[in-house]
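Down below is the structure, laid out as C-alpha cells.
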Protein chains: 4
Amino acid sequence: MESSQLSEGSQLSESSQKSRKVVVRKAPSQSRSKEKVQNILAAAKSLLASEGLEKLTTNRIAKLAGLSIGSLYQYFPNKQAIIHQLYSDWLQSVRELLREYQASDLEGETPVSIMQTMMDQIYRPHDLDPEESRYEAELNKAMHLYPELQAIDHRHARQIAGILADILRKTGVVATDDVLFQLGLYSYELYGSYEAMLQHEGTSPGLIYEWQKQGLFSIIESYTKK
Amino acid sequence: MESSQLSEGSQLSESSQKSRKVVVRKAPSQSRSKEKVQNILAAAKSLLASEGLEKLTTNRIAKLAGLSIGSLYQYFPNKQAIIHQLYSDWLQSVRELLREYQASDLEGETPVSIMQTMMDQIYRPHDLDPEESRYEAELNKAMHLYPELQAIDHRHARQIAGILADILRKTGVVATDDVLFQLGLYSYELYGSYEAMLQHEGTSPGLIYEWQKQGLFSIIESYTKK
Amino acid sequence: MESSQLSEGSQLSESSQKSRKVVVRKAPSQSRSKEKVQNILAAAKSLLASEGLEKLTTNRIAKLAGLSIGSLYQYFPNKQAIIHQLYSDWLQSVRELLREYQASDLEGETPVSIMQTMMDQIYRPHDLDPEESRYEAELNKAMHLYPELQAIDHRHARQIAGILADILRKTGVVATDDVLFQLGLYSYELYGSYEAMLQHEGTSPGLIYEWQKQGLFSIIESYTKK
Amino acid sequence: MESSQLSEGSQLSESSQKSRKVVVRKAPSQSRSKEKVQNILAAAKSLLASEGLEKLTTNRIAKLAGLSIGSLYQYFPNKQAIIHQLYSDWLQSVRELLREYQASDLEGETPVSIMQTMMDQIYRPHDLDPEESRYEAELNKAMHLYPELQAIDHRHARQIAGILADILRKTGVVATDDVLFQLGLYSYELYGSYEAMLQHEGTSPGLIYEWQKQGLFSIIESYTKK
DNA sequence: AATGAATGAGTCTTCATTCAT
DNA sequence: TATGAATGAAGACTCATTCAT
C-alpha cells in the first residue's frame with residue numbers, strides 16, 4: 001500500500017501485490033528490504049527528475065517512497081548516501097556496458113565503428129525518455145554539490161577512461177598512454193556535455209548527437225595510422 | 001581580480017563617507033546606487049569563485065560588500081536576483097564580444113578562422129585565471145538551481161546562437177536557417193562543456209581545447225562548400 | 001570482561017536453541033525468561049562501560065543481547081527500567097555486602113577497623129578493573145538523567161546509611177541516631193565522590209583512596225569515646 | 001538568583017521601554033548584545049536548575065530568554081557553547097576567588113585556617129540557595145555529557161589545583177610538588193562531591209560541610225611539620 | 001536610506017516505542 | 001512469544017527575508 005504511492009509506476013509494487021495474494025509465499029525478507037531500498041531510490045530519482053535537486057529533501061523522498069522518515073534512515077545512513085547510490089548505480093551501468101565491449105571480440109572493428117556502436121547504445125535512451133535526461137543532469141548537479149562524492153566520480157571516470165583507452169588502443173589508435181587516457185576521459189565527458197546541452201530548450205538531440213560523433217571521430221582518426 | 005574588486009568596494013564606501021561630510025556634493029544618487037550594486041555583485045562573484053554556491057548566503061554577500069543585509073535588499077529583491085544579474089552580465093559580455101565580430105569586416109575570413117579567433121579569445125582567460133573558471137562553473141550550477149533563471153539563460157543562448165549563425169553564414173557556411181541556428185547553439189554550448197570538463201581532475205585543458213576545436217571545425221567544414 | 005559477558009549472551013541463546021530441539025525439555029519458562037533478562041542487563045552494562053550513556057540505545061542493547069528489540073520490550077517496559085534494574089542490582093550488591101558485615105561478629109572491631117575492611121573490599125575492584133569504574137560512573141550519570149530514578153536511589157541510600165549507622169553504633173560510635181544516620185550516608189556517598197574523582201585525569205587513585213579513608217576515620221574517631 | 005536574572009530580563013525590557021521615552025539615549029549596542037547573551041545564559045541556567053539537563057533544548061532556552069531560535073544562534077554558535085560559557089563562568093569565578101587568596105598576605109595563616117576561610121566563602125552560597133546547588137550539579141552533569149568540554153574542565157581543574165598547591169605550600173604544608181598538586185586537586189574535587197551529596201535527600205549540608213573540612217584538615221595536618 | 005537584530009519555516013537526523021506478521 | 005520494520009515526535013541548526021529604529 002505504501003508502494004502504491006511510490007508509484008503505480010513501479011512494476012515491482014504491482015507484482016509484489018499480486019504475489020502476496022496469489023503465490024502466498026512471503027517474499028524473502030532480503031528481497032523485501034531490497035524492494036524498500038529500490039522504492040527509496042525510485043522516489044529520489046523521480047523527485048530529482050521532476051522537481052530538481054533543490055526540492056529533494058529526505059522527508060519528501062520518504063513520503064513519496066511511501067514510508068516514514070524513520071524507515072528511510074534504516075535503509076540509508078543519510079541523504080548523501082541515497083544520492084551516492086543513485087550516482088554509483090548509474091556509473092556502474094555505464095562501466096559494465098563498456099566492460100562488455102572491452103571483453104568482446106574487437107577483431108575487425110575500427111575505433112570509430114566501436115565508438116559509434118557504444119554511443120548509439122548509451123545515448124539512445126535520451127531520445128526515448130527526456131525524463132531520464134533531466135534525471136542524469138540533476139544527478140550530475142548533485143554530485144557537484146557534495147564534494148565528498150566527487151572523489152567517487154573521479155575514480156569512476158578514471159576507470160571508464162581506462163576502459164575506453166584500452167578499447168581505442170586495441171582497435172588501432174596510436175598514441176602515448178597518457179594521450180589515450182585523456183582521450184578516454186574526453187569521450188566519457190563528452191557524454192556529460194551531451195546531457196547538459198539537452199537541458200537547453202531548442203536544441204535538437206539528433207543533431208547534437210551527430211555532431212558530437214563527428215567531432216570525436218575526427219579526433220580519433222587523427223590518432224589512427226592508416 | 002576578486003580581491004581588487006573587493007577592496008574597491010571598501011574604498012568606495014569610505015570615499016562616499018567623506019564626500020558626505022566634505023563638500024564635493026553628494027554624488028548623484030543614481031551613481032551611488034550603481035556603486036552599491038556593483039559592490040554587491042563583486043562580493044557575490046568573489047564568494048562564488050572562492051567558496052562555491054553552497055556557501056553563498058545573502059548575509060555573507062552583504063558583509064563582504066561592505067553594507068548591511070538590509071541595504072542589500074534595497075538593491076535586489078532577493079538572492080535569486082543577484083545571481084540572475086551576475087549570469088546576465090556574463091552572458092552580455094559574451095554577446096557583446098560576439099557582436100563585435102558580427103559587426104566587423106569578415107572579408108577573407110573562413111568559418112574556421114573566425115571561430116578559432118573567437119574561441120581563443122573566450123577560452124584563453126581560463127588558462128590564465130582558474131578562478132574565473134571556477135566562477136563560471138559555479139554560476140552555471142546556480143543557474144540550474146533556480147529553474148526560473150533558466151528561461152533567461154535560454155533567451156540569451158538563443159541570441160548568441162543567432163549571432164553565431166549569422167557569422168557562420170557570412171563566412172561561407174551553407175545550411176538551412178535552422179541548422180545554422182543549431183550550429184550556433186552547439187558552438188556556444190561547447191564552451192559550457194569545456195568549463196564542466198575542467199572541473200574534473202586529471203583533465204588537460206590544452207588537449208581538451210584543441211580537441212574541441214578540431215571537432216567543431218570538422219563539423220563546420222562539412223557545411224562549407226568548397 | 002564485557003566481551004565475555006557478551007559472548008556469554010550468544011552462547012546462552014545458542015544453547016537454548018539446542019535445548020529446544022534436543023531432549024532436555026524446555027527449561028521452565030521462568031528461568032528462560034530470567035536468562036533473557038540477564039542477557040539484556042549484561043548487554044546494557046557492557047555498552048555503558050564501553051561506550052557511555054549517550055550511546056546506550058535500546059536497539060543496540062537488544063542487538064548486543066542477541067534478541068530483537070520487540071522482545072526486549074517484553075522484558076522491560078522501557079529503557080529507564082533497564083537502567084533502573086542495573087542500578088538497583090548494583091545497590092543491592094553493596095547492601096548485601098554491608099548486611100553481611102552487619103550480621104557478622106563485630107566483637108573486637110573498632111569503627112575504623114571495620115570501615116577500613118569494608119572500604120578495601122568495595123574500592124579494590126576499581127584498581128583492578130577500570131572498566132568497572134567507568135561503568136559505575138556512567139550508571140551514576142544515567143541516574144541523574146532520569147529524575148524518576150533518583151527516588152529509588154535515595155531509598156537505597158537510606159537503607160545503606162541505616163546499615164552503616166548500625167555497624168558504626170555497634171562498634172562503638174556514640175552519637176544521636178540522626179548523626180549516626182548522617183554519618184552512614186556520608187560514608188556511603190564518599191564512595192560516589194571517589195568514583196567521580198577517578199574520572200578526572202591526573203588524579204592518583206591510591207592517594208585519593210588513602211585521603212578519603214584518613215578523612216573519614218578522623219571524623220569517626222571524633223565520635224568515638226576512648 | 002535565577003529568577004532574579006530572568007525577571008531581570010523582563011525588567012530590562014520594561015526599563016528600556018522607559019529609557020526610550022525618558023532618557024532617550026539608546027544603550028550602546030554592545031551592551032544590548034551583552035544583555036541578550038546574559039538573557040540566554042540566565043535562561044539556560046534557570047532551565048538547568050529547574051528542569052535539568054535533559055530538558056535543556058535550544059528552543060526552550062530561546063523561548064525562555066524571550067527571543068527566537070534564530071537569534072539565539074546569533075549569539076552562540078551551538079548548544080555546547082552555551083553550556084561551556086556557563087561552566088567557564090563558574091570556574092572562572094572560583095579561580096578568581098582563589099587567586100585573590102593566593103595574592104593576599106598569607107602571613108600568619110596556617111594551611112587549615114586559610115582553607116577554612118576559603119571553603120566558608122565558597123560553600124556558603126549553597127546553604128542560602130539550594131537552587132544554586134542544583135544548578136551546579138546539573139552543570140557538572142552536562143560537562144560529563146560533552147566530552148569536548150572535559151578538556152576545559154581538566155585545564156581549569158589543574159589551574160585551580162596549582163593555585164591551591166601554592167597556597168598550601170606558602171602556608172607551611174611540606175610535601176613534594178606532586179603531592180602538593182594532588183592535594184590541591186583533591187581539595188578542589190571535594191567541592192564537587194559536596195555538591196553531589198547535596199543532591200541526595202536527607203543529607204544535612206551543615207554536617208557534610210563540617211565533616212569535609214574535618215577530613216581535609218586531618219589530611220593537611222599530616223603534611224604539616226610542627 | 002541604512003542598519004542589523006530578529007524571525008521562523010524548513011532541513012537533516014535520532015531513537016524510544018509499537019505492531020503486523 | 002518472537003521479530004524487526006515502521007513510526008514520528010523532537011532536537012540542533014541554517015538562512016532568506018523583514019522591520020523597528
Side-chain angles (χ1 to χ4, degrees), chain A residues 1-2 20 26 29 32-33 35-36 54-63 65-82, chain B residues 13 16 20 26 29 32-33 36 54-63 66-82, chain C residues 13 26 29 32-33 36 54-63 66-82, chain D residues 20 26 29 32-33 35-36 54-63 65-82:
Chain A
M1 43 203 86
E2 313 302 352
R20 227 179 277 154
K26 197 164 127 199
S29 74
R32 312 246 284 105
S33 184
E35 203 180 296
K36 295 283 166 72
E54 57 279 16
K55 296 277 181 72
L56 187 76
T57 74
T58 52
N59 280 286
R60 295 190 71 183
I61 295 173
K63 187 166 284 178
L67 31 73
S68 69
I69 181 64
S71 290
L72 183 149
Y73 276 88
Q74 231 153 18
Y75 296 105
F76 291 93
N78 52 45
K79 185 181 170 183
Q80 219 177 95
I82 299 173
Chain B
S13 51
S16 66
R20 229 178 278 156
K26 219 157 148 188
S29 71
R32 308 225 313 103
S33 188
K36 297 273 171 89
E54 46 276 22
K55 296 271 182 74
L56 186 76
T57 73
T58 51
N59 279 282
R60 295 188 71 183
I61 294 173
K63 183 168 286 178
L67 39 70
S68 69
I69 180 65
S71 292
L72 184 149
Y73 274 85
Q74 219 139 28
Y75 296 106
F76 291 93
N78 53 41
K79 187 182 169 182
Q80 225 177 90
I82 299 172
Chain C
S13 50
K26 220 155 142 193
S29 72
R32 308 224 312 104
S33 185
K36 298 272 172 88
E54 45 276 23
K55 296 270 181 77
L56 186 78
T57 74
T58 51
N59 280 283
R60 295 189 71 183
I61 294 173
K63 182 168 286 176
L67 39 69
S68 70
I69 180 64
S71 293
L72 184 148
Y73 274 86
Q74 218 140 27
Y75 296 106
F76 291 93
N78 53 42
K79 185 182 171 183
Q80 221 175 96
I82 299 173
Chain D
R20 227 180 281 153
K26 202 163 128 196
S29 73
R32 310 248 283 108
S33 183
E35 203 180 294
K36 295 281 166 73
E54 55 279 17
K55 297 277 181 72
L56 188 76
T57 73
T58 51
N59 279 285
R60 296 190 71 184
I61 295 173
K63 187 167 284 178
L67 32 72
S68 70
I69 182 62
S71 289
L72 184 147
Y73 277 88
Q74 231 153 19
Y75 296 104
F76 291 92
N78 51 45
K79 185 181 171 184
Q80 224 178 91
I82 299 174

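Excluded from the calculations below are hydrogen atoms, water molecules and symmetry mates; all remaining heavy atoms, backbone and side chain alike, are included. Residue numbers start from 1 in every chain, and the chains themselves are labelled A, B, ... in the order their sequence lines are given, proteins ahead of strands. A quick note: this is a predicted structure, and the numbers were derived from the prediction, not measured.
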### Query
Nearest to the side chain of B/Ser71, which nucleotide is it out of F/dC13, E/dT13, E/dT3?
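For B/Ser71, the side-chain atoms sit closest to E/dT3.
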
### Query
A/Ile69 side chain: which of E/dT13, E/dA2, F/dT1 is closest?
E/dT13

### Query
Counting only Watson-Crick or G-U wobble pairs whose two distances fall under 3.5 Å, which nucleotide matches E/dT21?
F/dA2

Hey, could you give me the [atom1]/[atom2] distance between [X] and [Y], rounded to the nearest 0.5 Å?
| X | Y | atom1 | atom2 | answer |
| --- | --- | --- | --- | --- |
| C/Ile69 | C/Lys63 | CD1 | NZ | 10.5 Å |
| C/Gln74 | C/Ser68 | CD | OG | 8.0 Å |
| C/Ile61 | C/Leu56 | CD1 | CG | 4.0 Å |

Select base, sugar-phosphate, or nothing to describe what [X] touches, counting heavy atoms under 4.0 Å on all strands.
| X | result |
| --- | --- |
| D/Ile82 | nothing |
| D/Asn78 | sugar-phosphate |
| A/Phe76 | nothing |
| C/Leu56 | sugar-phosphate |
| D/Leu72 | nothing |

### Query
Taking for each residue the nucleotide of DNA chain F with the nearest heavy atom, is it D/Gly70 or D/Lys79 whose nucleotide lies nearer the 5' end?
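Its nearest nucleotide being more 5', the pick is D/Lys79.
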
### Query
Which pair of non-hydrogen atoms, one from D/Tyr73 and one from D/Lys79, has the smallest distance, and what is that distance?
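It is OH-N, 4.3 Å.
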
### Query
Does D/Phe76 reach the side chain of D/Thr58, with side-chain heavy atoms less than 4.5 Å apart?
no

In this structure, how many angstroms lie between the [atom2] atom of [N] and the [atom1] atom of [X], rounded?
| X | N | atom1 | atom2 | answer |
| --- | --- | --- | --- | --- |
| C/Tyr75 | E/dT17 | OH | P | 18 Å |
| C/Tyr73 | E/dT17 | OH | C1' | 5 Å |
| B/Ile61 | E/dG4 | CD1 | P | 17 Å |
| C/Arg60 | E/dC15 | CZ | P | 9 Å |
| A/Glu54 | F/dT14 | CD | P | 21 Å |
| D/Gln74 | E/dG4 | CD | P | 11 Å |

It should be established whether [X] places a side-chain nitrogen or oxygen under 4.0 Å from OP1 or OP2 of nucleotide [N].
| X | N | value |
| --- | --- | --- |
| B/Ser68 | E/dA2 | no |
| C/Lys36 | F/dT1 | no |
| B/Thr58 | F/dC15 | no |

### Query
Of C/Lys55 and B/Leu67, whose nearest nucleotide on DNA chain E comes first from the 5' end?
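Checking each residue's closest nucleotide, the 5'-ward one belongs to B/Leu67.
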
### Given DNA chain E, 5'-ward residue of the pair A/Gln80 and C/Thr57, judged by closest heavy atom
A/Gln80

